[in-house]
Amino acid sequence: MDTLTLVIGNRNYSSWSLRPWALLTHLGLAFDEVLVPLDTPTFPHDVRRYSPSGRVPALLHCGLVVYESLAILEYASELAGGRGWPSDRALRAEARATATEMHGGFAALRGTCPMNIRARGRAVERSAGLAADIARIDAIWSTCRARHASRGPWLFGEYCAADAMYLPVAFRCQTYGTDGLGAASLDYLATALGDPLIAPWVRAAEAETWRLPVEEAGRT
Ligand SMILES: N[C@@H](CCC(=O)N[C@@H](CS)C(=O)NCC(=O)O)C(=O)O
């Protein structure tokens with residue numbers, strides 16, 4: 001297969017980059033990485049060399065540029081013969097709905113709890129919006145685990161794109177706490193954070209020296 005290149009942002013902060021990286025890795029697809037540091041004066045120029053949206057991630061393959069994380073997950077799954085989603089059509093529809101809900105929603109969680117893989121013990125004000133987002137995460141994770149545990153430890157049993165979509169939420173729990181998550185969600189959280197395939201990303205994130213004030217302070 002021709003070389004795949006994933007264009008990513010800082011591993012510590014770029015939750016959207018992490019998602020396709022996680023799925024490509026789980027699918028066993030070999031790929032190169034290009035990292036464009038976020039929030040630098042040259043980022044807008046540098047990123048447009050690769051991504052027409054001016055954002056990361058983007059996947060480069062055979063002259064094609066696939067941008068938008070969810071589109072990359074779909075493309076990666078196609079390259080892997082559909083293995084990025086459950087093989088059962090009904091489960092696949094549910095997994096896609098779950099992944100899409102993450103992609104388009106959870107504004108309060110994403111805004112007030114930026115992913116910061118290195119950070120621990122960050123306090124965050126629990127707005128009504130944030131509490132509602134956490135309650136919805138808990139409902140998704142616990143319902144999926146209750147229904148699919150017999151097939152494996154992931155949201156839909158075997159690892160799929162929905163797990164990649166929710167991985168940054170797991171890192172946010174590690175940083176901002178797990179209040180509001182029940183036992184089944186905490187089990188899933190342990191699975192996600194303990195995933196050995198993700199360890200190289202975590203090590204690289206921890207080794208990064210960039211400190212982005214807006215991400216460190218949190219956003220409101
Ligand atoms: N909807 C996009 C979001 C991508 C996104 O917002 N990426 C951030 C980094 S995590 C970015 O490129 N930010 C730089 C900017 O907006 O200038 C996707 O799913 O890929």
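In listed order, ligands and their atoms are each counted from 1. In this chain, residues are counted from 1 in sequence order. Every heavy atom of this structure was used, including side-chain atoms; hydrogens, water molecules and symmetry mates were not.
Ligand 1 has no N or O atom lying under 3.5 Å from any N or O atom of Ser15, backbone or side chain. Here's the thing with Ser69: one of its N/O atoms is less than 3.5 angstrom from an N/O atom of ligand 1.
Checked for salt-bridge contact, Glu206 and Arg11 miss the test: no charged N lies under 4.0 Å from a carboxylate O. For Arg55 and Glu68, the salt-bridge test fails: no basic side-chain N is under 4.0 Å from an acidic carboxylate O.
Looking only at heavy atoms of the protein, atom 13 (N) of ligand 1 is closest to Leu38 CD2, 4.0 Å. Taking atom 1 (N) of ligand 1 as the reference point, the nearest protein heavy-atom neighbour is Glu68 OE1, 2.8 Å. Ranking the protein heavy atoms by distance from atom 16 (O) of ligand 1 puts Arg55 NE, 3.2 Å first.
Side-chain contact check for Val169 versus Trp141: some heavy-atom pair is nearer than 4.5 Å.
Of the listed options Trp16, Tyr13, Phe43, Trp16 places a heavy atom closest to atom 5 (C) of ligand 1.
Counting heavy-atom neighbours within 6.0 Å of Tyr75 OH, excluding the residue itself, gives a total above 12. Summarising the local packing, CZ of Arg89 is surrounded by 12 or fewer heavy atoms from other residues, nucleotides or ligands at distances under 6.0 Å.
Proximity to Pro57 (heavy-atom distance under 4.0 Å) selects the following atoms of ligand 1: 20 (O). Ligand-side atoms of ligand 1 in range of Val56: 4 (C), 5 (C), 7 (N), 8 (C), 9 (C), 12 (O), range being under 4.0 angstrom from any heavy atom. For ligand 1, the atoms closer than 4.0 angstrom to any heavy atom of His103 are 1 (N), 18 (C), 19 (O). Near Ser14, meaning under 4.0 Å from any of its heavy atoms, are these atoms of ligand 1: 9 (C), 10 (S).
Remark: side-chain polar atoms of Asn10 are paired, donor with acceptor, to backbone N or O of Leu38 under 3.5 angstrom.
Taking the six-membered ring for Trp and the full ring otherwise, His26 and Trp21 have centroids separated by 6.0 Å or more.
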